[in-house]
Amino acid sequence: MSEALIKHFAKKLIAWHGVDGRQGLPWQSVRDPYAVWVSEIMLQQTQVATVLERYPRFMKRFPTIKKLAAAPLDDVLAEWAGLGYYTRARNLHACAKQVVEAFGGKFPSDTILLEQLKGIGRSTAGAIAAFAFHERAPILDANVKRILARLFGIEGTIQEKAVNDQLWLLAKKLLPNNAADMPVYTQALMDFGATWCTSRKPVCLTGIKRCPFAKDCQANLSDQVLVLPRKVIKAKSPEFDCDMLLLRHGDTVLLQKRPEKAIWGGLWSLPESEWRAKEKNLAGHAQRSEAYLTSKDLFKLVLPNEKTFTALKSCKPIERGLEIKHIFTHRRLWMQIWHVSTSDAVKLSGGDLQWVSLRQLGKYGLPQPIKLLLQALSLVRGDDLRS
DNA sequence: AAGGCGGGGAG
DNA sequence: CTCCCAGCCTT
């Protein structure tokens with residue numbers, strides 16, 4: 001039973017793709033390894049609908065790997081803003097430099113070499129090798145893990161190394177014999193997982209369409225489709241408070257470049273306090289930042305991390321602006337926005353603080369909630385941030 | 001092996 | 001709300 005499935009899987013899947021696969025995605029018809037690579041990185045943990053909007057923009061902005069490698073990192077981050085997981089953008093830039101310097105701007109076709117490049121792991125290396133070079137290299141993304149766990153009735157969680165090893169072994173065994181089939185086969189795998197063998201509403205349970213593997217699928221035969229692959233119970237995401245300073249001077253706003261390792265790493269954001277564990281009771285209020293007008297019209301904002309913004313003359317009275325709730329995958333953040341304007345721009349000595357013209361904001365990569373905040377306050381139009 | 005890292009869509 | 005996603009990297 002299992003052996004027959006392994007033998008005919010690729011052929012059946014490709015046949016399925018011919019009828020019910022996704023067609024017309026802009027990166028599907030592409031053979032240029034650079035274009036394939038960009039699409040694979042952008043699609044990591046990011047939905048197709050989002051990438052459909054952003055991929056053409058990125059390719060227009062950075063049409064070749066040499067132009068990407070030669071661009072300032074800040075420009076790449078600005079183009080990536082809103083997509084999340086900004087390490088991808090830094091790695092993309094670093095990888096472009098690697099390929100230009102070590103391989104003359106041409107991606108290697110060998111997965112061993114591909115995996116040594118920044119931001120390219122085993123699965124992405126397989127996808128690039130398959131799509132761009134017709135290599136018989138497997139992928140193992142969330143789609144494939146789910147398909148295989150169900151087809152072969154694999155118990156145990158995906159995190160376990162033994163399970164992961166087993167899945168990679170299966171992925172390799174299922175590859176089509178003909179290397180020329182690798183692009184369509186790899187695409188078919190992704191399409192099948194994304195549209196038919198889905199996590200929550202697989203077609204085998206809806207009864208409308210007939211899964212070509214219904215009679216082979218261990219999960220289907222044992223009524224385990226919805227529980228495979230086994231989920232890991234996740235802890236509730238912790239909650240934080242922080243204060244942010246929206247300081248305006250004329251048509252400029254004060255931005256601060258974020259450290260690379262933090263969340264929104266490398267993006268430009270508002271100066272902020274350190275994050276504090278959110279206190280549900282009022283006792284936590286004592287921890288809040290203090291913002292007040294000092295004598296002689298000097299503005300002073302004292303943040304809990306002891307960073308102090310002072311010596312700003314002629315500030316308008318301090319508004320304690322809106323509080324923004326932002327939800328990450330693993331965190332919840334309440335941002336208290338302190339909206340202040342001054343007629344006297346403070347002289348900036350540090351490199352990470354910068355006055356930025358509102359019209360120039362589009363050149364800066366902003367965290368999505370900050371971008372939305374500035375739009376909501378009509379400080380900037382959507383078009384200005386589209387660049 | 002576990003945790004960090006965004007954002008948006010689906011249910 | 002919760003869960004999920006064309007993962008990778010660091011610890």
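The analysis underlying the following values was restricted to heavy atoms, covering all of them including side chains, and did not include hydrogens, waters or symmetry mates. Order of the sequence lines fixes the chain letters, A, B, ..., with proteins taken first and strands second; residue numbering starts at 1 for each chain.
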Letter per nucleotide, 5' to 3', of nucleotides 4-11 of chain C [B base touched, S only sugar-phosphate touched, - untouched; heavy atoms, 4.0 Å]: SBBBSS--
Salt bridge present between A/D141 and A/K145 (N-O < 4.0 angstrom): no
In whole Å, what is the span from the CD1 atom of A/I327 to the P atom of C/dC3? 13 Å
Separation of B/dG6 atom P from A/L372 atom CG, nearest Å, is 16 Å
Side-chain heavy atoms under 4.5 angstrom apart, residues restricted to Ile, Leu, Val, Met, Phe, Trp, Tyr: same cluster for A/L228 and A/L151? no
Interatomic distance, A/Q368 CD vs B/dG9 C1' [rounded to whole Å]: 14 Å
Separation of C/dC3 atom P from A/R331 atom CZ, nearest Å, is 17 Å
Taking the P atom of each, how far is C/dA6 from B/dG11, in whole Å? 14 Å
Please walk me through it: do A/F240 and A/W334 pass ring-ring contact (aromatic ring centres under 6.0 Å, His included)? CA-CA 6 Å; A/F240 297 91; A/W334 277 259; 9.6 Å; no
Over how many whole Å does the gap from A/M42 atom CE to B/dG7 atom P extend? 14 Å
Nucleotide B/dG7, atom C1' - distance to CH2 of A/W264 in whole Å: 11 Å
Taking the side chain as C-beta and beyond, is there a heavy-atom pair between A/F62 and A/E79 under 4.5 Å? yes
Gap between atoms NZ and P, on A/K325 and B/dG7 respectively (whole Å): 16 Å
Taking B/dG6 as the reference, what is the distance to C/dT11 when you measure between their P atoms (whole Å, please)? 16 Å
For the residue pair A/F328 and A/H326, does the interplanar ring angle fall in the parallel (under 30°), tilted (30 to 60°) or perpendicular (over 60°) class? perpendicular
Nucleotide nearest A/I263 (side chain, heavy atoms from C-beta), chosen from B/dG11, B/dC5, B/dG7: B/dC5
Could you measure between the two C1' atoms, the one in B/dC5 and the one in C/dC4, and give it in whole Å? 16 Å
Given atom CG of A/L226 and atom P of B/dG11, what is their separation to the nearest angstrom? 13 Å
Taking for each residue the nucleotide of DNA chain B with the nearest heavy atom, is it A/A162 or A/F328 whose nucleotide lies nearer the 5' end? A/A162
For A/W37 and A/F107, take the angle between the two ring planes, folded into 0 to 90°, and tell me which bin it lands in: parallel under 30, tilted 30 to 60, perpendicular over 60. tilted
Contact nearer the 5' end of DNA chain B, comparing A/T50 with A/A262: A/A262
Do any N or O atoms from the side chain of A/H17 and from the backbone of A/T186 form a donor-acceptor pair under 3.5 angstrom? no
